[in-house]
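Starting from 1, each residue takes its place in the sequence as its number.
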Amino acid sequence: NNLSRDVLPPRFSKFSLKDTLVARKAIELVAIELACERITRKQLSQLKSLFDQMDETIDDLPEFIKHDTRFHETLVQAGGNAALVTAFEAIWEYHQYSQIFSSSSDACEETAQTYHKKIVQALEKKNKARAIKSLKDHFDHML
């Protein structure tokens, strides 16, 4: 990979994709549970719009990842916990680069969209159990 060292986040080599996903899981599973109670109509429509944008850019990985980032960020913000938002933002860079290094299979994006759709539907219904399960399945599929 020819990404120059200076664009990579500090200590990047110490962060495995697995470590980063475990941390994301810790942050996002709590956030989505809170989001089931706190999500606003505006945030919900933002998630739907980002889902559509991911559909439109499914063959353009850098664009897809950009919308995917916003989707997960919006999800964490919808939980209304500033500490979780800060933690998410602190590790996101690591996840993003790991994703670029590890995105090998063409089916990854389609599978991700299946889970994103379930997440949005669960949040619409304020169904905590289903929201948590959909997000957990999404993470389990990434490893």
Participant: Can you tell me how far apart CG (L21) and NZ (K25) are? Round to the nearest 0.5 Å.
Facilitator: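 Taking CG in L21 and NZ in K25, the distance rounds to 8.0 Å.
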Participant: Looking only at side-chain N and O atoms, does T40 offer a donor or acceptor that is under 3.5 Å from a partner on Q43?
Facilitator: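 Present: a donor and an acceptor within the cut-off.
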Participant: Could you give the distance from CD (Q77) to CG (L47), rounded to the nearest 0.5 Å?
Facilitator: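 So the gap between those two atoms works out to 10.0 Å.
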Participant: Using side-chain heavy atoms (C-beta onward) and a distance below 4.5 Å, is E28 in contact with F139?
Facilitator: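 Result yes, sub-4.5 Å side-chain heavy-atom pair found.
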Participant: Please check if any side-chain donor atom of D68 sits under 3.5 Å from a side-chain acceptor atom of H116, or the reverse.
Facilitator: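 The criterion, which ignores hydrogens and geometry beyond distance, is satisfied for H116 and D68.
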Participant: Within this structure, what is the CG-CD1 distance for the pair L84 and I27, rounded to the nearest 0.5 Å?
Facilitator: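 CD1 of I27 is found 7.0 Å from CG of L84.
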Participant: Given side chains that start at C-beta, do those of K133 and D137 come closer than 4.5 Å, heavy atoms only?
Facilitator: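 A side-chain contact exists here, since the closest heavy-atom pair is under 4.5 Å.
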Participant: Would you indicate whether the side-chain heavy atoms of F51 and I119 approach each other to under 4.5 Å?
Facilitator: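 In short, these two side chains do not touch, never coming nearer than 4.5 Å.
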Participant: Please round to the nearest 0.5 Å and tell me the distance separating atom CD of Q113 and atom SG of C108.
Facilitator: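 Between atom CD of Q113 and atom SG of C108 there are 12.5 Å.
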Participant: Please round to the nearest 0.5 Å and tell me the distance separating atom CZ of R70 and atom CD1 of I65.
Facilitator: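 Spacing of CZ (R70) from CD1 (I65) equals 15.5 Å.
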Participant: Say you draw a straight line from CG of L44 to CD of E124; how long is it, rounded to the nearest 0.5 Å?
Facilitator: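 So the CG of L44 and the CD of E124 are separated by 5.0 Å.
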Participant: Would you say the ring centers of H72 and H138 fall short of 6.0 Å from each other?
Facilitator: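 For H72 and H138, the ring centres are under 6.0 Å apart.
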Participant: Got L123 and I32 here, is their nearest side-chain heavy-atom distance under 4.5 Å?
Facilitator: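 Heavy-atom side-chain distance check passes, below 4.5 Å.
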Participant: Does NZ belonging to K126 count more than 12 external heavy atoms closer than 6.0 Å?
Facilitator: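 For K126, atom NZ is crowded (more than 12 foreign heavy atoms under 6.0 Å).
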Participant: Report the C-alpha distance between E33 and L29 in whole Å, list the side-chain angles of each, state the deciding distance to 0.1 Å, and finish with yes or no for side-chain contact (heavy atoms from CB on, under 4.5 Å).
Facilitator: CA-CA 6 Å; E33 186 175 350; L29 288 173; over 6 Å; no
Participant: Would you call D60 and F64 a side-chain contact if the rule is heavy atoms closer than 4.5 Å?
Facilitator: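 Contact flag for D60/F64 side chains = no.
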Participant: Could you go through the salt bridge (Lys or Arg N to Asp or Glu O under 4.0 Å) check for K136 and D140 one step at a time?
Facilitator: CA-CA 6 Å; K136 190 178 179 307; D140 292 346; 3.0 Å; yes
Participant: Would you mind reporting whether E89 and E73 have side-chain heavy atoms less than 4.5 Å apart?
Facilitator: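 In short, these two side chains touch, coming nearer than 4.5 Å.
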